[in-house]
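The structure appears right after this line, and notes come after that.
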2 protein chains.
Amino acid sequence: MAAGQHHFQRVSIATVERETGLSKDTLRMWERRYGFPRPARDDNGERAYPPEQLEKLRLIRRFMDLGHRPGKIVAAPMHELSARMRLLDAASRGELAAAGGLHEVLRLLKAHRINEMRDHLAHLMMRQGLQRFLLDTVTPANEEVGRAWMRGEIAVYEEHLYSEQIQHLLRQAIGSSNNDGGAPRVLLTTLPGEEHQLGLLMAHAFLSIEGAHCISLGVQTPIFDIARASREQRADIIGLSFSQAMQARMACEGLGELRRLLDARIELWAGGLLWQRVRRRMPGVRTLGSLADIMPALTEWRGRRSGQAA
Amino acid sequence: MAAGQHHFQRVSIATVERETGLSKDTLRMWERRYGFPRPARDDNGERAYPPEQLEKLRLIRRFMDLGHRPGKIVAAPMHELSARMRLLDAASRGELAAAGGLHEVLRLLKAHRINEMRDHLAHLMMRQGLQRFLLDTVTPANEEVGRAWMRGEIAVYEEHLYSEQIQHLLRQAIGSSNNDGGAPRVLLTTLPGEEHQLGLLMAHAFLSIEGAHCISLGVQTPIFDIARASREQRADIIGLSFSQAMQARMACEGLGELRRLLDARIELWAGGLLWQRVRRRMPGVRTLGSLADIMPALTEWRGRRSGQAA
DNA sequence: GCCGCCATTTTGTCCAAGACAAATTTGTTT
DNA sequence: AAACAAATTTGTCTTGGACAAAATGGCGGC
């Protein structure tokens with residue numbers, strides 16, 4: 001019977017791509033260069049990744065999202081990576097400390113008491129008002145949930161659950177604040193390849209409070225259609241959201257292409273956590289690394305506008 | 001000067017993949033087999049697709065979503081494809097006729113009077129009740145918007161706008177109907193690769209009305225996490241939504257893998273428009289081609305459950 | 001005429017190994 | 001310390017071959 005042939009859930013390269021977000025080309029290239037992953041082969045000679053390697057790839061992905069480079073981590077042994085990640089976790093654990101109702105949110109999430117979590121969040125929103133809620137509760141809570149996920153304290157699906165509840169709250173809030181005829185007119189969406197909605201929704205809520213007229217297209221609008229929509233909806237500003245996970249290259253390429261398609265008088269604001277790790281500035285594009293950056297940008301715009309009008 | 005070198009916005013293969021949803025491998029294979037697309041090459045010898053070819057590829061994608069096979073259409077000249085698409089459009093145009101407030105919805109959408117459209121939809125929902133609203137208004141309206149898009153009467157971004165407004169309404173409706181402790185417990189999500197939310201949201205709303213306890217994870221949950229969530233949330237049923245655009249192969253592969261990971265007593269329901277064109281049935285998976293199919297499935301489940309209990 | 005079964009064609013994905021440009025790091029000079 | 005140049009790292013693109021899964025078409029039996 002020996003070690004046995006319990007080939008236990010080996011998966012194809014397409015599955016690994018789907019689950020890790022690493023392209024097939026990249027996976028093959030790492031195998032060539034760093035000797036990892038080194039999948040088995042099925043009867044057909046095709047790569048068949050065992051679950052341990054998939055798990056290590058997921059861990060590597062976390063490091064990469066934190067800005068690490070593959071050369072330094074892909075070949076490293078699993079136990080070393082785990083140890084390093086634990087170290088990072090310990091460091092980030094210190095930061096939490098303050099921040100009001102967050103512990104409670106995390107506690108309820110981990111306990112699977114989702115409805116109570118939602119009620120708790122709703123209560124906070126009522127008490128703080130939408131703006132403070134976004135800046136002081138949702139933003140740090142997102143970070144904390146991300147960290148908890150990195151620490152392995154919560155599962156991916158729990159992060160999804162959390163995200164759904166927040167979206168729920170924000171959509172309800174947005175629904176009730178409706179500023180027709182407000183200025184500026186902001187067209188909100190994400191580029192193809194960026195499927196994360198939460199950042200977009202938070203920006204939408206924030207801008208709505210500030211009296212901007214928001215037109216949201218949801219996620220993943222093709223570039224040509226963004227340009228078309230901006231003309232037909234007479235947008236002053238196009239707001240695009242980019243999550244940490246988005247590939248910087250795709251983002252910059254897409255932004256450049258969009259900028260070329262647009263009239264110069266339309267502003268292009270690129271927001272989201274991506275810009276906290278990607279320094280690169282692009283001509284004709286304003287990058288906003290956090291929600292709080294929206295406020296001064298908006299003030300500036302209004303200053304320019306009233307200056308021109310005068 | 002000749003034909004000139006106005007290389008006018010030629011795009012990379014990655015961009016074409018992003019915009020059409022056709023994989024790089026497929027694009028290269030079509031080029032080899034059918035002689036189309038035949039992109040120019042940039043200074044670096046890499047494919048550079050002119051906008052006409054991108055446009056034709058988009059049209060081909062529409063045909064494929066309707067069930068046509070590439071061999072028959074990829075090599076066909078553009079004018080023939082356009083003509084055939086116009087014919088199909090004319091045919092579907094007849095079907096509309098009936099259906100109450102739909103014309104109004106489409107009219108407002110095309111006129112960019114989005115807020116009025118939302119108010120109109122909200123009014124219909126109030127008058128009809130959520131269930132009839134979903135079956136008699138939203139479902140046909142989705143189809144009509146899809147057709148209008150195929151006819152070129154509305155832009156992609158207008159479809160996005162429509163979709164956003166519907167989502168808004170449904171989320172508000174779901175928020176107010178909250179059945180803790182209901183049965184069955186249904187875990188709702190989509191597989192990685194399926195980013196369309198609307199179908200999921202409609203299923204969520206429908207199941208909520210019927211008294212099921214819904215737990216939504218949003219879109220694109222990795223398969224292992226779906227399995228984990230179903231255990232930890234003690235789900236009776238996992239409901240997955242698949243849009244027309246989803247690749248059948250990926251869907252079936254993912255479903256098979258998930259089914260293997262699950263306890264046999266957990267049911268797997270696969271819903272969405274995909275199953276109207278994909279016949280293939282899979283063991284241990286119940287396919288639901290439309291919202292209306294949910295009702296009998298639910299009745300059956302409750303019958304089985306009460307039968308076992310007795 | 002309709003259904004099930006088998007052979008054939010169609011089609012998408014996978015593979016290998018090479019190439020190169022963009023991004024990042026490192027080293028040097030002002 | 002900052003700016004510039006050289007070296008390294010890294011992801012994506014290339015070709016052409018191969019093959020399995022899915023769809024189609026033909027055939028025989030009910």
Side-chain angles (χ1 to χ4, degrees), chain A residues 10-18 20-49 60-61 63-64 67-75 193 246-253 256 274 277-282, chain B residues 10-18 20-36 38-49 60-61 63-64 66-75 193 246-256 274 277-282:
Chain A
R10 284 183 182 155
V11 295
S12 71
I13 194 170
T15 304
V16 176
E17 176 181 47
R18 180 162 26 94
T20 65
L22 300 164
S23 81
K24 297 182 183 85
D25 274 325
T26 300
L27 287 166
R28 293 196 199 97
M29 188 51 97
W30 285 6
E31 190 178 335
R32 249 200 282 174
R33 287 204 180 126
Y34 314 118
F36 182 88
R38 191 168 299 187
R41 298 294 174 139
D42 64 10
D43 306 329
N44 193 21
E46 298 183 356
R47 290 172 174 78
Y49 295 81
I60 290 171
R61 189 58 153 86
F63 273 103
M64 303 248 322
H68 289 75
R69 307 191 64 181
K72 305 286 175 57
I73 48 175
V74 173
M246 177 96 183
Q247 288 180 29
R249 182 181 169 143
M250 264 203 170
C252 296
E253 204 176 293
L274 178 68
R277 72 175 166 92
V278 175
R279 304 275 164 194
R280 186 166 162 207
R281 298 297 133 124
M282 315 189 62
Chain B
R10 283 181 182 156
V11 294
S12 70
I13 195 171
T15 305
V16 177
E17 176 180 47
R18 183 172 9 109
T20 65
L22 300 164
S23 81
K24 298 183 183 85
D25 274 325
T26 300
L27 287 166
R28 293 195 199 98
M29 189 51 98
W30 284 5
E31 189 178 336
R32 250 198 281 175
R33 286 204 180 123
Y34 314 119
F36 183 89
R38 190 166 301 187
R41 298 293 176 137
D42 65 8
D43 306 328
N44 194 21
E46 299 184 355
R47 292 172 173 79
Y49 295 81
I60 289 172
R61 188 57 152 87
F63 274 102
M64 302 254 316
L66 290 169
H68 290 74
R69 307 191 63 184
K72 304 288 173 60
I73 48 175
V74 173
M246 177 96 182
Q247 290 181 30
R249 182 178 169 148
M250 260 204 172
C252 295
E253 202 178 294
L255 274 171
L274 179 67
R277 71 176 167 94
V278 176
R279 303 278 163 191
R280 185 166 162 208
R281 297 298 133 125
M282 315 189 62

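Naming: A, B, ... by sequence-line order, numbering from 1 per chain. Values below: every heavy atom of this structure, side chains too, minus hydrogens, waters and symmetry copies. Owing to the predicted nature of the structure, the values given are computational and were not obtained by experimental measurement.
- Between B:M64 and B:P70, the shortest heavy-atom distance links the atoms SD-CD, 3.7 Å.
- For the side chain to side chain donor-acceptor pair (under 3.5 Å) test, no residue two or more places apart in sequence or in another chain qualifies with A:D43.
- If you take NE2 of B:H68 and C1' of C:dT11, they are 17 Å apart, rounded to a whole angstrom.
- Closest to the side chain of A:N44, out of C:dC15, D:dA20, C:dT24, is D:dA20.
- The side chain of B:I13 lies closest to D:dC13 when the candidates are D:dT10, D:dC13, C:dA16.
- Looking at every heavy atom in both residues, A:R69 comes nearest to A:I73 through O-CG1, 3.3 Å.
- For residues 25-37 of chain A, proximity to DNA chain C is found at A:R28, A:M29, A:R32, defined as any non-hydrogen atom under 4.0 angstrom from a strand atom.
- Atom OH in A:Y49 sits roughly 11 Å away from atom C1' in C:dC15 (whole-Å rounding).
- Axis orientation changes by 40° from one end of the helix from C:dG1-D:dC30 to C:dT30-D:dA1 to the other, with each end axis drawn from 5 pairs and the value rounded to 10°.
- Computed from coordinates, the A:E17 CD to C:dT13 C1' distance equals 11 Å when rounded to whole Å.
- Looking at residues two or more places apart in sequence or on another chain, you find a ring-ring contact (aromatic ring centres under 6.0 Å, His included) between A:F63 and A:H68.
- Spacing between atom CZ of A:R69 and atom P of D:dT9 amounts to 8 Å, rounded to whole angstrom units.
- Between B:S23 and the phosphate of C:dT13, there is a side-chain N or O to OP1/OP2 separation shorter than 4.0 Å.
- Under a 3.5 Å cut-off, the side chain of A:N44 and the backbone N or O of A:E46 do not form any donor-acceptor pair.
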Going by atom type alone, with no hydrogens or angles, which donor-acceptor pairs under 3.5 Å involve a side-chain atom of residues 24-37 of chain A and a protein atom two or more places apart or on another chain?
{"from": "A:K24", "atom 1": "NZ", "to": "A:E17", "atom 2": "OE1", "distance (Å)": "2.8"}
{"from": "A:T26", "atom 1": "OG1", "to": "A:S23", "atom 2": "OG", "distance (Å)": "3.0"}
{"from": "A:E31", "atom 1": "OE1", "to": "A:R47", "atom 2": "NE", "distance (Å)": "2.6"}

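- Between A:P39 and A:A48 the shortest heavy-atom distance is CB-O, 3.6 Å.
- The nearest heavy atom of DNA chain C to A:R47 and to B:D43 marks one nucleotide each, and the one closer to the 5' end goes with A:R47.
- You'll find the side chain of B:R61 reaches within 4.5 Å of the side chain of B:L22, heavy atoms only.
- Checked against side chain to side chain donor-acceptor pair (under 3.5 Å), B:T15 has the following partners two or more places apart in sequence or in another chain: B:S12.
- For C:dC14, one of the phosphate oxygens OP1 or OP2 lies less than 4.0 angstrom from a side-chain nitrogen or oxygen of A:K24.
- Distance B:E46 CD to D:dT14 C1': 8 Å, rounded to the nearest Å.
- Toward the 5' end of DNA chain D, the nearer of the two residues B:K72 and B:A14, judged by each one's closest nucleotide, is B:A14.
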